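Note that this is a predicted model, so its numbers are computed, not measured.
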Amino acid sequence: MNTVRDKKRYKAIKTWEEKSGLLELLSSIPAEVARFNDSFGFDIHNLDIHPSDIDGDRDMAVKVGFVLERYNPLIPELTYCLYSVLRQEMFYGYVGIYKNGSITTLKELKPIADFKTGHVVLHEWFGQLVKASCEKIMP
């Protein structure tokens, strides 16, 4: 039988994700997207459906942290997206094209190594997504 003292000891253990600030960064993404949209007027929002594959790799799609999309009305046939993957305790960002449940990667972005100051890089990622959609970068 567990005692109250044992329960307190288990609560005190923090995971790497908590200590590094990764969970805090992930939970702040909707607010950061809203702030970016309010400041610059771009329509970036969370992709509601998880991608089935990335560049034909179904395993890669399982490792995605988040996917944001930007619809550009000037090119309605393409939906640009920003997605992230956690590898080796770093957050890697990519700009791609989302179509029919699949993502085709266009470009790798600067990774986030320090999650506590990751908001700066996150805003750079948002800018790269907008830039790719305005420049009509194609796969």
Side-chain angles (χ1 to χ4, degrees):
M1 179 183 279
N2 291 338
T3 64
V4 172
R5 183 175 50 188
D6 289 338
K7 288 181 182 178
K8 286 180 183 177
R9 185 179 70 198
Y10 291 126
K11 286 183 180 179
I13 297 172
K14 285 192 172 187
T15 64
W16 169 84
E17 292 84 358
E18 291 171 307
K19 291 178 192 174
S20 68
L22 173 64
L23 294 179
E24 186 177 331
L25 178 66
L26 282 173
S27 66
S28 72
I29 288 174
E32 293 299 322
V33 169
R35 186 175 299 125
F36 187 84
N37 285 337
D38 290 343
S39 297
F40 301 108
F42 295 109
D43 187 25
I44 298 173
H45 57 277
N46 191 45
L47 183 67
D48 295 329
I49 302 169
H50 197 79
S52 59
D53 69 271
I54 297 174
D55 300 324
D57 185 354
R58 290 186 178 274
D59 292 334
M60 184 73 148
V62 175
K63 299 174 185 177
V64 169
F66 65 86
V67 181
L68 303 173
E69 65 179 343
R70 178 169 190 266
Y71 174 75
N72 185 343
L74 299 176
I75 43 173
E77 65 277 5
L78 295 177
T79 300
Y80 287 86
C81 68
L82 167 66
Y83 70 94
S84 66
V85 175
L86 182 67
R87 276 193 327 256
Q88 301 165 354
E89 297 183 357
M90 289 180 68
F91 220 20
Y92 291 86
Y94 302 89
V95 172
I97 303 263
Y98 179 80
K99 188 173 183 178
N100 299 327
S102 297
I103 295 176
T104 302
T105 303
L106 298 174
K107 136 185 204 182
E108 183 174 349
L109 307 174
K110 174 182 172 183
I112 298 175
D114 182 1
F115 301 116
K116 294 179 181 177
T117 60
H119 294 92
V120 174
V121 177
L122 192 60
H123 280 264
E124 289 176 19
W125 288 2
F126 297 161
Q128 290 295 317
L129 172 60
V130 171
K131 182 179 176 183
S133 69
C134 289
E135 291 178 350
K136 302 173 188 166
I137 298 173
M138 301 291 219

Cluster membership besides V120, Ile/Leu/Val/Met/Phe/Trp/Tyr side chains within less than 4.5 angstrom, sorted by chain and number, is none

State the [atom1]-[atom2] distance between [X] and [Y], to the nearest 0.5 angstrom.
X	Y	atom1	atom2	value
E17	L86	CD	CG	7.5 Å
E32	N37	CD	CG	11.5 Å
S52	D57	OG	CG	11.0 Å

I'd like to know if [Y] and [X] are part of one continuous hydrophobic network [Ile/Leu/Val/Met/Phe/Trp/Tyr, side-chain heavy atoms within less than 4.5 Å].
X	Y	value
I49	M60	yes
V85	L22	no
I29	L82	yes
L106	I75	yes
M90	Y83	yes

Measure across [X] and [Y] and return the closest heavy-atom pair with its distance rounded to 0.1 Å.
X	Y	answer
S133	N72	O-ND2, 3.0 Å
V64	F66	CG1-O, 3.4 Å
G118	L25	C-CD1, 4.1 Å
S27	P30	O-CD, 3.6 Å
P111	V121	O-CG1, 4.2 Å

Check whether more than 12 heavy atoms from other residues, nucleotides or ligands sit under 6.0 Å from atom CG of L74, and answer yes or no. yes

Atom pairs and distances, donor-acceptor, side-chain atoms in residues 91-102, under 3.5 Å, two or more places apart:
unit_1, atom_1, unit_2, atom_2, d
Y94, OH, R87, NH1, 2.9
Y94, OH, R87, NH2, 3.3
S102, OG, D53, OD1, 2.6

Residues two or more places apart in sequence or in another chain: which of them pass side chain to side chain donor-acceptor pair (under 3.5 Å) with Y80? none

Residue set satisfying ring pair (Phe, Tyr, Trp, His ring centres under 6.0 Å) with Y71, at least two apart, ordered chain then number -> none

Is any side-chain heavy atom of F115 closer than 4.5 Å to a side-chain heavy atom of E24? no

Taking the side chain as every heavy atom from C-beta outward, state whether E89 and S20 have any atom pair closer than 4.5 Å. no

Would you find a donor on one side and an acceptor on the other, under 3.5 Å apart, between the side chain of H50 and the backbone of A61? yes

Sequence neighbours left out, cut at 3.5 Å: what donor-acceptor pairs do the side chains of residues 38-48 make with other protein atoms?
unit_1, atom_1, unit_2, atom_2, d
S39, OG, R35, O, 3.0
H45, NE2, E69, OE2, 3.0

Run the side-chain donor-acceptor check on residues 124-131: report pairs under 3.5 Å with partners two or more places apart or on a different chain.
unit_1, atom_1, unit_2, atom_2, d
W125, NE1, K110, O, 2.7
Q128, OE1, K107, NZ, 2.5

